[in-house]
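Heads up: the structure comes next, in structure tokens.
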2 protein chains.
Amino acid sequence: MNPEKAQPLLDYINKHVPLTKEEESALLSYIIFRRYLKGQYIVQQGDICKYECFVLSGCTKTFYMDDEGQEHIIMFSIEDWWASDMGSFISQTPADFNIQCLEDTELVMFPYETIETIYAEIPKLERFFRLIIERAFVASQKRIVRNFSLTAKEQYLYFKEQYPEIEQRIPQYMVASYLGITKEFLSKIKSQLALG
Amino acid sequence: MNPEKAQPLLDYINKHVPLTKEEESALLSYIIFRRYLKGQYIVQQGDICKYECFVLSGCTKTFYMDDEGQEHIIMFSIEDWWASDMGSFISQTPADFNIQCLEDTELVMFPYETIETIYAEIPKLERFFRLIIERAFVASQKRIVRNFSLTAKEQYLYFKEQYPEIEQRIPQYMVASYLGITKEFLSKIKSQLALG
DNA sequence: AAATTGTGTTAAACTAGTTTAACTTTTCGT
DNA sequence: ACGAAAAGTTAAACTAGTTTAACACAATTT
């Protein structure tokens, strides 16, 4: 892939595991640049997730539809974040999640067919992925803790504080879905906060 | 550490990444065997978590105390599972969680001071930890999904089905805490299930 | 400029799960 | 075997968050 486009990814990787020029160009030969339009799906529930995606620009939501047709947003991904259904990717089984673009989005895609080659040829990247998945796991556990111990209002305030950029870029009903509450209740919370 | 005691760990690792005899004995020189009694703490909230622990026998609970002094159980660990506060371990910051033994428990402990040496000397183990953390992350995400979309009764039935061994070994109020509901409500759910 | 679609608000009726409190049963140390 | 402590049950009053439904206000499309 085009080395210029890949710079934000290389910068991100180099923060965790410094790569040589040779390793960088080896990596570039195994990954793919791709552009999606707002509304397009990167992964659809039931499909096999064939890529782990690093977001260069734009914004995606990862969500699933429950049996009643209700959408539940699991995460948003913006610049320098990852987007994939990891359960589907690592075991090549049908995806639980949809990943859809909320803006025009540019991605670097790590294909499943080349990921083992990448690990074998550039062992530092096996370390890199261990490090970022460790952090993702810790973040996921902390989210479970918040679900248990915070009220909806507290969770909303936490979201605002942690992801102020994201709140600006997405409609409020998606924030509600991410927090696991109804849009009506989030509206109520916001009007309470506006007064007090 | 004593190779005989370590066999369940080696079997577990070999399922993911087959090790040579040399690699096995190198690993054994870096890890520690330890026994804890029922009630003892392996990690205390606020301390630095210095070990990642593999459970050889026994059972632990990982939990935290909220501001109101309420205990919230995050996970149980039995034979062939891991127990640690990964957030604390990987960045050597104060632990969010307590880990306490619910039975007399035997562990293999991977010390923070030797973990980088282990990765450097036995690169397969960097792969091994990547693989198990990937799975842990996927499991954690699935738990978030269940929290969002299942009722308390459904979550209880899921727990029973997934971890029938654990339910036999721990008091019911701890199951309630793990599910994020009160013991009184779990009691009600069970009596409903006993009828219908 | 009108019409449609997507997004946000308000309020009343409702429900899943909590709180409190009194009670029963089981487990455990001596 | 006994008493104390830990674990589990029941039920009534309560509350955080849902549902439904009607309305308001953009933003796009025609």
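Bear in mind the structure is a predicted one, so any value in this text is a computation, not a measurement. The sequence lines fix the lettering, A, B, ..., with proteins before strands; numbering per chain opens at 1.
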**Nearest listed nucleotide, side chain of A:Thr151, among D:dT10, C:dT7, D:dG17** = D:dG17

**Request:** Ignoring backbone atoms, test whether B:Thr182 places a side-chain nitrogen or oxygen under 4.0 Å from the OP1 or OP2 oxygen of C:dT18.
**Result:** yes

**Prompt:** Base, sugar-phosphate, or nothing: which does A:Phe185 touch, judged by heavy atoms less than 4.0 Å apart?
**Reply:** base

**Message:** Is it the case that the ring center of B:Tyr178 lies less than 6.0 angstrom away from the ring center of B:Phe76?
**Reply:** yes

**Asked** Taking only N and O in the side chain of A:Ser187, is any of them less than 4.0 Å away from OP1 or OP2 of C:dG8?
**Response** no

**Complete:** From CD of A:Gln172 across to P of C:dT10 the rounded distance in Å is 11 Å

**Message:** Which is more 5' along DNA chain C, the nucleotide nearest A:Leu186 or the one nearest B:Gln70? Just name the residue.
**Reply:** A:Leu186

**Prompt:** Looking at B:Tyr64 versus A:Phe148, is the centre-to-centre ring distance below 6.0 Å?
**Reply:** no

**Request:** Kindly point out which of D:dG8, C:dT7, D:dA21 is positioned nearest to the side chain of A:Glu184?
**Result:** D:dA21

**Item:** Nearest-angstrom distance from the residue atom NE2 of B:His72 to P of C:dT18
**Value:** 11 Å

**Message:** Looking only at the side chains, is there a donor atom on one of B:Ser57 and B:Glu106 sitting less than 3.5 Å from an acceptor on the other?
**Reply:** yes

**Prompt:** 5'-most contact on DNA chain D: A:Ile181 or B:Met174, nearest heavy atom basis?
**Reply:** B:Met174

**Prompt:** Taking atom P of C:dC23 as reference, at what distance in whole Å does atom NZ of B:Lys188 sit?
**Reply:** 20 Å

**Message:** Measure CD/A:Glu68 against P/D:dT18 and give the value in whole Å, please.
**Reply:** 14 Å

**Item:** Heavy atoms of other groups near B:Gln192 CD, more than 12 under 6.0 Å
**Value:** yes

**Asked** Can you tell me how far P of C:dT24 sits from NZ of B:Lys183, to the nearest Å?
**Response** 16 Å

**Message:** Nearest whole Å is fine: how far is D:dA16 P from A:Phe148 CZ?
**Reply:** 19 Å

**Message:** Looking only at side-chain N and O atoms, does B:Tyr173 offer a donor or acceptor that is under 3.5 Å from a partner on B:Glu71?
**Reply:** no

**Request:** Go through D:dG17, C:dT10, C:dG8 for me and flag the one nearest to the A:Pro171 side chain.
**Result:** C:dG8

**Complete:** Against the side chain of A:Tyr173, the closest entry in D:dA7, C:dG8, C:dT10 is C:dG8

**Request:** Whole angstrom is fine here: how far is it from CD in A:Gln155 over to P in D:dA16?
**Result:** 15 Å

**Request:** Grab the CD1-P distance between B:Ile170 and D:dG8 for me, whole Å please.
**Result:** 10 Å

